Amino acid sequence: MADPTEDMAALLALLEGCNNPGVTRDALLIRVAEMPPDLRRPRHIRLIEAALDPLRTCDRAVQFRLPDQTLVMTWRGPALAETRSVMAGLDELFADLPQAPHEILALPRDSARLARIIAASVPVASEPATPARQSLTPGLLAQMEAALAHADVATLLRCRPVCAFDGAGIGRLAWDRQGLNVTQLAAMLAPETDIRADPWLFRRLTRSFDRRLLAAIAQPFELRNRGPFALDLSLHSVLAPEFLRFDAALPSALRGRVTVILLADDMLADPTNFVFVRDFLRARTYRIGLGEPRLAWLAAFPCAWAGVDSLYASAEPAPAAGLSLDPELTARLVLCGVTSPDQLAWGQARGISLFEGPAARPDPAARRLNLRRAAGREMRF
Amino acid sequence: MPLSSTLPPDPTVDALREAERRAARGGAPRSVLLLHLTRLAGIEPYHARVARAVMADAAQRLEGEVLRLAGGDLVLVCQHVPDFARGPDDAGPDGLPCVLRRLFSRFLPADGHLFTLLHLPEDAAAFLALLNAMPGRAPAAQAGPGQDPLAVAGVLLEHADIEGLLRRHLVLRLAATGSALAVRPVARMIGLHLPALHERMAAFGVHQPDPMVVRHLAGRLDLRWLALAGAGRLAGLAPPPPPQGALHLRLSLQAAADAAAGAVLTRLREAVPDLLVELTVAEMVGAPDLADAARAMLTRHGIGLSVGGISAEMLTLCDPGALPMLTEAALLRLDWSAGWARLAGAARARAEAAIGALRPARLVLTRADTELALAWGLKHGIGLFEGRQVGALTAAARLRACAHAAGCSLDQCMGRAATLSAGERAMCRNHALLDRGMPSLAVTP
């Protein structure tokens with residue numbers, strides 16, 4: 001792969017050449033940095049580059065990659081069929097993004113704009129260079145699990161508040177979503193590893209994290225004076241000895257006030273064990289949540305069918321504008337990962353009252369009040 | 001004399017005899033609940049762990065204890081609870097029988113009892129008879145040190161014989177025509193055979209492989225076999241003859257989203273216009289971004305989508321037909337299992353309505369290993385089938401038509417048709433017929 005700095009210099013030279021009379025180029029620009037992080041992994045970049053293939057046959061076709069990962073493809077002369085084919089491919093790839101990250105520039109007309117984009121792609125000098133990250137492999141995962149056995153995770157426990165918003169827009173803490181700070185824990189165990197590069201090895205890793213989380217919060221002082229909370233667990237984690245020890249340690253005051261959030265794809269992959277785990281959790285007085293299908297998929301997961309109390313759905317990616325939600329469903333829905341007031345407003349407009357995320361924090365006064373009542377009331381479905 | 005009588009006594013049985021003696025001598029009356037875990041099918045160690053936790057909780061409340069018999073059954077001995085029902089069909093106020101039934105009845109054979117409930121001293125005779133029927137202590141199984149599945153995954157990725165892990169099957173269209181059944185092959189399905197992968201892992205000492213490690217392995221192995229196919233080094237990839245011939249490839253999500261695999265699929269698509277890739281619904285919901293990338297890749301290359309991993313149990317828990325990837329799929333693959341026959345009441349109605357909503361015309365009934373499965377599928381309007389019964393039908397037709405069939409058995413012909421391993425295929429002397437699948441035929445059901 002070419003050095004982005006060299007690419008940048010070459011593109012600047014080309015740009016300069018376009019100032020000469022009669023020299024023209026078209027440029028296709030893809031601002032990869034504007035895409036969600038989950039969609040700009042190497043495999044996604046390969047897909048984007050593959051979609052550019054028709055343009056590579058054009059006269060003087062050159063591809064550049066800028067330091068901020070922006071892709072630029074330049075070519076000379078009319079290439080209507082190729083451009084149409086590439087744009088169709090890109091439109092399809094980016095169909096789910098709120099704003100398309102690609103556009104076509106004509107040089108020299110848009111030279112000044114492209115020069116600004118090139119300049120903005122250079123990282124600030126004071127920032128340390130990001131080390132190359134390796135993907136998680138079975139071998140690395142085994143090393144991480146071995147290191148995890150001795151790691152102190154107590155400082156990495158974190159609570160994400162789930163807030164109930166009333167009609168006046170005041171958020172009140174309903175319960176906490178208890179977990180480990182996965183990013184920090186991974187950085188501690190294997191700092192130069194992209195733990196999310198392989199979804200299934202990452203899931204295996206999160207199960208190991210689940211067991212450490214359960215062991216950490218089963219300590220008597222952790223469960224003392226706790227308000228209601230929720231745990232995200234895989235089916236296998238519920239069946240592990242660590243969960244049974246946690247269950248045995250759970251004070252009677254918390255019985256009926258702890259939610260276990262099971263994953264929708266665990267239910268699809270192993271429905272028999274899902275039913276077994278669900279019935280076991282019910283017998284032990286837990287409430288059951290199902291997470292985290294996309295908002296657009298919620299119609300496939302009626303709570304009554306799965307026998308769960310609540311659904312946890314991620315606010316990202318943004319659903320289609322016309323998405324309507326069944327009122328019975330919205331009453332049991334927690335909208336997660338709410339990072340903007342727009343998302344909060346979108347959910348409230350559809351009758352959702354429970355939210356989790358940086359933009360859905362409890363009102364400080366309501367939080368104080370709620371903390372005082374921690375042992376008492378909480379939202380019930 | 002049965003061999004089991006030579007085994008040393010089970011100390012738990014001794015403890016139970018002592019409990020009976022104490023009750024008979026005027027001690028506090030006791031209730032005994034024996035959970036017959038060993039009568040259940042498909043029980044894993046974690047099920048037993050959960051059973052013990054549930055019983056231990058009851059023991060704590062009822063001043064009792066939970067004991068484990070040598071065979072694996074669990075016994076709760078606790079204070080006498082008169083309402084703690086006498087028969088296994090009564091829940092009792094304590095709720096333990098009810099909870100055990102809810103958790104474990106699905107694992108119980110049709111005519112079996114999940115637990116036995118006795119009260120001492122009045123049921124002493126039945127209790128002693130039960131104890132006398134118990135075998136002595138079986139020698140403890142010497143469980144070797146568990147192999148690390150991650151290490152085994154690494155070894156398999158390096159050294160697995162990829163051809164031996166692949167299987168191919170015909171997809172047949174069956175249609176009742178009068179008293180006969182018209183049979184026509186419409187597609188060939190090729191993919192990694194997960195039971196074969198499990199066998200390889202078991203050979204390395206991993207008997208309960210982590211499903212996530214298996215998914216990772218499947219993704220990497222799919223890329224390997226696709227690379228072989230792209231290099232023209234994989235025999236037996238041909239679809240059934242046109243005009244109906246289609247090729248279905250069962251792939252992991254990671255392989256379907258991979259750019260290098262995409263290049264191979266594009267070349268295959270040029271050779272086989274009717275090319276479908278099968279992904280599983282659980283993987284697509286579990287990694288939605290990857291699923292989006294895979295769907296975009298397939299659409300760009302004009303490759304159809306087939307979604308599999310749909311089961312009876314799944315249709316009672318959710319409505320997968322409302323998922324967009326199932327709406328847009330050309331084919332859906334519904335797994336046959338005995339679970340269909342066990343569905344009753346609202347769950348059955350819900351599952352049957354879901355099948356209707358999925359549109360039976362685009363369903364392939366997979367794991368159709370019995371005539372019962374074929375009959376069930378035809379009754380529900382399903383026309384496409386895959387499984388052992390289909391394999392047997394086609395193998396029987398080949399054997400009738402093959403000039404080299406003398407000395408070949410039905411199982412051998414089925415096995416050779418399903419394998420892509422060059423060694424096994426070499427045992428057949430009629431590759432043309434083997435790869436064609438079957439001559440046309442109609443059979444009487």
Side-chain angles (χ1 to χ4, degrees), chain A residues 36 38-39 41 43-44 46-47 49-51 89 92-93 95-96 137-139 141-142 145 198-204 207 236 238-241 244 247-248 263-272 274-277 279-280 282-284 293-294 296-302 305-307 317, chain B residues 42 44 46-47 49-50 53-54 56-57 95 99 102-103 106 148-151 153-154 157 210-216 219 253-254 257-260 262-263 280-290 292-293 296-297 299-300 309 311 313-314 316-324 339 350:
Chain A
D38 283 346
L39 293 180
R41 296 194 180 129
R43 62 174 179 274
H44 301 121
R46 285 198 295 272
L47 282 175
E49 288 180 331
E92 193 175 290
L93 280 178
D96 287 342
T137 61
L141 180 54
E145 288 183 347
D198 183 300
W200 313 132
L201 292 183
F202 175 65
R203 287 283 290 279
R204 152 102 185 188
R207 276 175 28 193
H236 279 75
V238 176
L239 297 169
L244 299 179
D247 177 57
L263 291 167
D265 65 299
D266 270 357
M267 179 180 84
L268 297 173
D270 193 353
T272 306
F274 174 84
V275 172
F276 180 80
V277 164
D279 291 348
F280 167 59
R282 274 273 178 258
R284 305 299 297 150
R294 284 183 173 175
W297 299 350
L298 288 181
F301 299 101
W305 289 30
Chain B
E44 302 288 350
Y46 51 75
H47 291 122
R49 211 155 48 217
V50 165
V54 170
D57 184 64
V99 170
R102 197 182 315 140
L103 289 175
R106 64 181 66 94
D148 179 3
L150 293 171
L157 283 174
D210 182 329
M212 295 302 149
V213 175
V214 171
R215 280 190 194 175
H216 167 79
L253 202 50
Q254 281 163 305
D258 184 86
T280 65
V281 61
E283 285 198 14
M284 293 179 90
V285 170
D289 293 341
L290 204 55
D292 288 346
M297 165 86 85
T299 307
R300 194 167 54 253
S311 64
E313 293 82 358
M314 180 193 291
T316 64
L317 293 171
C318 65
D319 178 16
L323 293 170
R350 191 183 294 161

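Here is the naming used below: chain letters follow the sequence lines, and residue numbers restart at 1 for every chain. Computed from a prediction, not measured in an experiment: that's the story for all the values here.
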How far does OH of Tyr46(B) sit from CZ of Phe280(A), to the nearest 0.5 angstrom? 13.5 Å

Counting C-beta onward and ignoring hydrogens, is there a side-chain heavy-atom pair between Arg46(A) and Asp258(B) closer than 4.5 Å? yes

Quick one: closest heavy-atom pair of Phe301(A) and Leu323(B), and the distance? CE1-CD2, 4.1 Å

Who are the side chain to side chain donor-acceptor pair (under 3.5 Å) partners of Asp210(B), not counting sequence neighbours? Arg204(A), Arg207(A)

Chain A: which of Ala287(B), Gly309(B), Pro320(B) shares the most heavy-atom pairs with it under 4.5 Å? Ala287(B)

Check the pair Glu313(B) / Val275(A) against side-chain contact (heavy atoms from CB on, under 4.5 Å), numbers first and verdict last. CA-CA 9 Å; Glu313(B) 293 82 358; Val275(A) 172; over 6 Å; no

Within the structure provided, determine whether Arg106(B) and Asp279(A) are in side-chain contact (heavy-atom separation under 4.5 Å). yes

Where Leu317(B) and Trp305(A) come nearest, the two heavy atoms and their spacing: O-CB, 3.2 Å

Val99(B) versus chain A, the contacting section by heavy-atom distance below 4.5 Å: side chain

Derivation and outcome, side-chain contact (heavy atoms from CB on, under 4.5 Å), residues Val285(B) and Met267(A): CA-CA 10 Å; Val285(B) 170; Met267(A) 179 180 84; over 6 Å; no

Where does Ala151(B) contact chain A at under 4.5 Å (heavy atoms): side chain, backbone, both or neither? neither

Below 4.5 Å, heavy-atom pairs only: which of Pro302(A), Ala51(A), Ala142(A), Pro241(A) has the largest tally toward chain B? Pro241(A)

Contact class of Glu145(A) relative to chain B, heavy atoms under 4.5 angstrom: side chain

Given Val214(B), Thr316(B), Val50(B), the one with more heavy-atom pairs under 4.5 angstrom with chain A than any other is Val50(B)

Is any side-chain heavy atom of Glu44(B) less than 4.5 Å from a side-chain heavy atom of Leu239(A)? no

Side chain to side chain, Val213(B) and Trp200(A), heavy atoms closer than 4.5 Å: no

Tell me every residue that passes side-chain contact (heavy atoms from CB on, under 4.5 Å) with Leu263(A), counting only those two or more places apart in sequence or in another chain. Arg203(A), Asp265(A), Asp266(A)

Should the pair Asp198(A)-Arg215(B) be classified as a salt bridge under the 4.0 Å nitrogen-to-oxygen rule? no

Applying a strict 4.5 Å limit to non-hydrogen atoms, the region of Thr280(B) in contact with chain A is neither

First locate atom CZ of Arg294(A), then atom CG of Asp292(B), and finally report the distance between them rounded to the nearest 0.5 Å. 4.0 Å

Separation between CZ of Arg300(B) and CG of Leu93(A), rounded to the nearest 0.5 Å: 5.0 Å

Within the 4.5 Å heavy-atom criterion, are Leu290(B) and Pro199(A) side-chain neighbours or not? yes

So, the part of Phe202(A) with a heavy atom under 4.5 Å from chain B: the answer is neither

What are the two closest heavy atoms between Leu150(B) and Pro138(A), and how far apart are they? O-CB, 3.6 Å

